Amino acid sequence: MIAHVHVDAPVITIDRPFDYEVPEQFETLIEPGMRVSVPFGSRRLLGIVVGTSDGTREGLKPLEALLDEESSLTEELLDLSIHVKETTLCFRSSALLAMLPAALKVSYDKEIKEGLVPDGVRLGTHLSEYPKDVQSVILGLAKKGELTLAPVLKEKKTVKTDVLVELLDATVVSKRAKKQLEAIRQLEETPRMYWSTLRQIGLTRPQLQKLEDIGAVRLTEVELNRDPYATIEQVKETVQLNDSQARAVQQIHEADAGETLLVHGVTGSGKTEVYLESIGQVIDEGKQAILLVPEISLTPMMVKRFKRRFGDRVAVLHSALSKGEKYDEWRKIKRREVDVVVGARSAIFAPLDRLGLIILDEEHETTYKQEENPRYHARDVAIWRARYHGCPVVLGSATPSLESYARAQKGVYRYLHLKERYGGEMPPVHIIDMRRELAKGNTTMFSEELFNGILDRIEKKEQCVILLNRRGFTTFVMCRDCGEGMTCPHCAVNLTYHQHGDRLKCHYCGYEVGMPSTCPSCSSKKIKQFGSGTQKIETELLNRIPEARIIRMDQDTTSRKGSHEQLLRRFEEGEADILLGTQMIAKGLDFPNVTLVGVLAADATLGMPDFRATERTFQLVTQVAGRAGRGKLPGEAFVQTYNPDHYVIETASEHDYESFFAKEMGLRQVGNHPPYWFLTLVTFSAENSLVAKSEAELFASDFLQAQVENSRLNGPMPAPLSKLKNAYRYQVFIKTKQPEALYVELARLQQARAKAISKKEYQMSIDVNPYVFM
DNA sequence: AGCACGCCGACT
DNA sequence: GTCGGCGTGCTC
């Protein structure tokens, strides 16, 4: 028997199946989708079986081990990996591995097998157990043949277990064994207990073993699930749907196989109820559902509601869970113990086999696009899976992406509008012209109006949310005398100042230095931070309103696991007057006591080299404005800007999606941007700037020569981030009306460059439907 | 990507 | 005379 295996090596020349002989003892066990360990050259690698065939062939190596008892990837997901490879131009192995939880990936090490070892090194141990200098000594000895190393593959997964203790016979215990007797007494009250509970009375493991040896108890090792939401109680809540919600549920229910529906509903229109109800119906029919949410900030409340409604039949997969927790959730799905999967982007690969509905909440969010290989978009994967299962996809948003809304208008997607809003009208939005504030002599981050509004709320014991539109708005350091900025030595970017540790960091490569006290180029002492981070704003607020209780949410305060939820809970419970933060506080929050929302630097995003900048600004302002006045109290929003007349600020503050859409579509058409054209970005990077440039030029001319129909090419041009991690970067943009033909041509050009790239002279990265243009 | 094999410069 | 530099080629 032969197994066709894709190995864990992201290289284009290895991007094909390799054949292995299946040892007899595995023949009845092996299945496509299983993880295996295979010899590969002198190495040993993780592989995924994509198929098997009968017979045998000369020169095949045998596969070494099966790493799964049953396959980790279903037939469907194996198929899907081909689609992901072809449409994102990634390697098949990258697509396959992206579908697995991190715990099922492996690390590679070397076992010290035999020979003469230095002091302190023992045979049978692993290379990585030793410090770097010892490692190089060992490697040197191996090279001379004085000891042998064998490649090993280490699993990352761990399954948490506990020991179930069952009482068999209480009489056999010696009267003098006090601890054992005490354990028996406990067991007489509760005949089945876990060892983790029993040990709390001071019983040791040997004592427990003794109890088993004499036949007093039976011990069974059992797998335990880490359930991060174990404390949420299931309550059957009955939801009363309004007319438009009921209509939406009805239409989703009646949707055709593989159909996509766009649910457009303003903040507070009750999309969540529609999701809950629709999923409920799907489950009643014996099928399963996936609900994708953009990121963790949305999940606490959403998850709570889903757990309440569907109880244990919900699996949750998001980035804030530990590797082990995610793996446990994944195994629950695999064991068919759940009907609903709620999760972020990668949850779209959940191994469900009876899918009846896929929902993407906040479908316009760019977090659905993965920014590393495989560069897939969860929306596209969702549509593929829905076709496979013959079920509908629901895209939900208060501010749909132009792509989706345009498709809905063309009739490609079915359009559903939720117009009614709970809690009455949208709050009034005040646009504040910061140029006038400046003219008045107000150089702070807060306009008079917004500041007075905050004071007023604190007095009334109501809450405020302040959002800093931080993208392109970081704190950088510059010398006031010579004008020299502190930049990263490896990347063409300014370093960002971090108050924590008084250091400067590069957000692209991780380079870090202490904040200098004098300018490195002119030695002046007038070196200073510019721009406003959340920390600085917090300080400013506290200086002016000392009694204000502020919760700050940004990368620094939310990096610890669970801190995000904790901060939100504290705010919800009224422990603070002001929630201050970046983008992450804009969405999904629903606090009834919030009556004021302020947006600082609403237009900070507009200057970015990105045709979606206006769309993002619209989404941000609309969403954050919708956060005020969700309860009984009326709300108000303040939007501070230097561009008060810009159409995006005007339409967003009037909550006028239609006008924004019409205006923006006109500009997209004129600029030949998506959704009129399908865009692909190809980036060339090399240590030598001339190599990057000439390879980009060569690619451009090769592409033009191929004459892909209905396509055009722009560039090459230097990337906005012209140097990254010591590599110079050039970009080529391709626009097409026929993506399928483009995929084929790009794959051909990629293949043709395989050899040159393997010599490491330059790198080529292809981003189909890019969202980041740096 | 790793890793081995192989062919030329600076050391004991 | 050997150690080791990294160019080249291969991985079932």
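Chain A is the first sequence line, chain B the second, and so forth, proteins listed ahead of strands; every chain is numbered from 1. All values derive from a computational prediction rather than experimental measurement.
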Among B:dC3, C:dC12, C:dT11, the one nearest A:S42 by side-chain distance
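Of the candidates, B:dC3 comes closest.
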Heavy atoms only, 4.0 Å cut-off, all strands: where does A:Y20 land among base, sugar-phosphate and nothing?
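Sugar-phosphate contact only.
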Check every strand shown and say whether A:P17 touches a base, only sugar-phosphate, or nothing at a heavy-atom separation below 4.0 Å.
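Here A:P17 touches no strand at all.
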Return yes if a side-chain donor-acceptor contact under 3.5 Å exists between A:S53 and A:H4, otherwise no.
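Side-chain D/A pair, A:S53 to A:H4: present.
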Using whole Å, report how far [atom1] of [X] lies from [atom2] of [N].
X	N	atom1	atom2	answer
A:L139	C:dG4	CG	P	13 Å
A:F91	B:dG2	CZ	P	13 Å
A:D15	C:dC12	CG	P	16 Å
A:F18	B:dA1	CZ	C1'	12 Å
A:I12	C:dC10	CD1	C1'	16 Å
A:I14	C:dC12	CD1	C1'	11 Å
A:R16	C:dC10	CZ	C1'	10 Å
A:R43	C:dC12	CZ	P	10 Å

By the definition side chain to side chain donor-acceptor pair (under 3.5 Å), identify the one residue from A:K334, A:H389, A:R336 that meets it with A:D353.
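Testing each of A:K334, A:H389, A:R336 against A:D353, the sole residue satisfying side chain to side chain donor-acceptor pair (under 3.5 Å) is A:R336.
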Looking at A:Y497, does the NZ or CZ of A:R503 lie under 6.0 angstrom from its six-membered ring centre and within 45 degrees of the ring axis?
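No, A:R503 and A:Y497 do not form such a contact.
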Is the NZ or CZ atom of A:R44 positioned over A:F40's six-membered ring, under 6.0 angstrom from the centre and within 45° of the axis?
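Because its charged atom misses either the 6.0 Å distance or the 45° angle limit, A:R44 does not stack over A:F40.
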Using a cut-off of less than 4.0 Å, is there contact between a side-chain N or O of A:K110 and OP1 or OP2 of B:dC3?
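A:K110 to B:dC3 OP1/OP2: side-chain N or O found under 4.0 Å.
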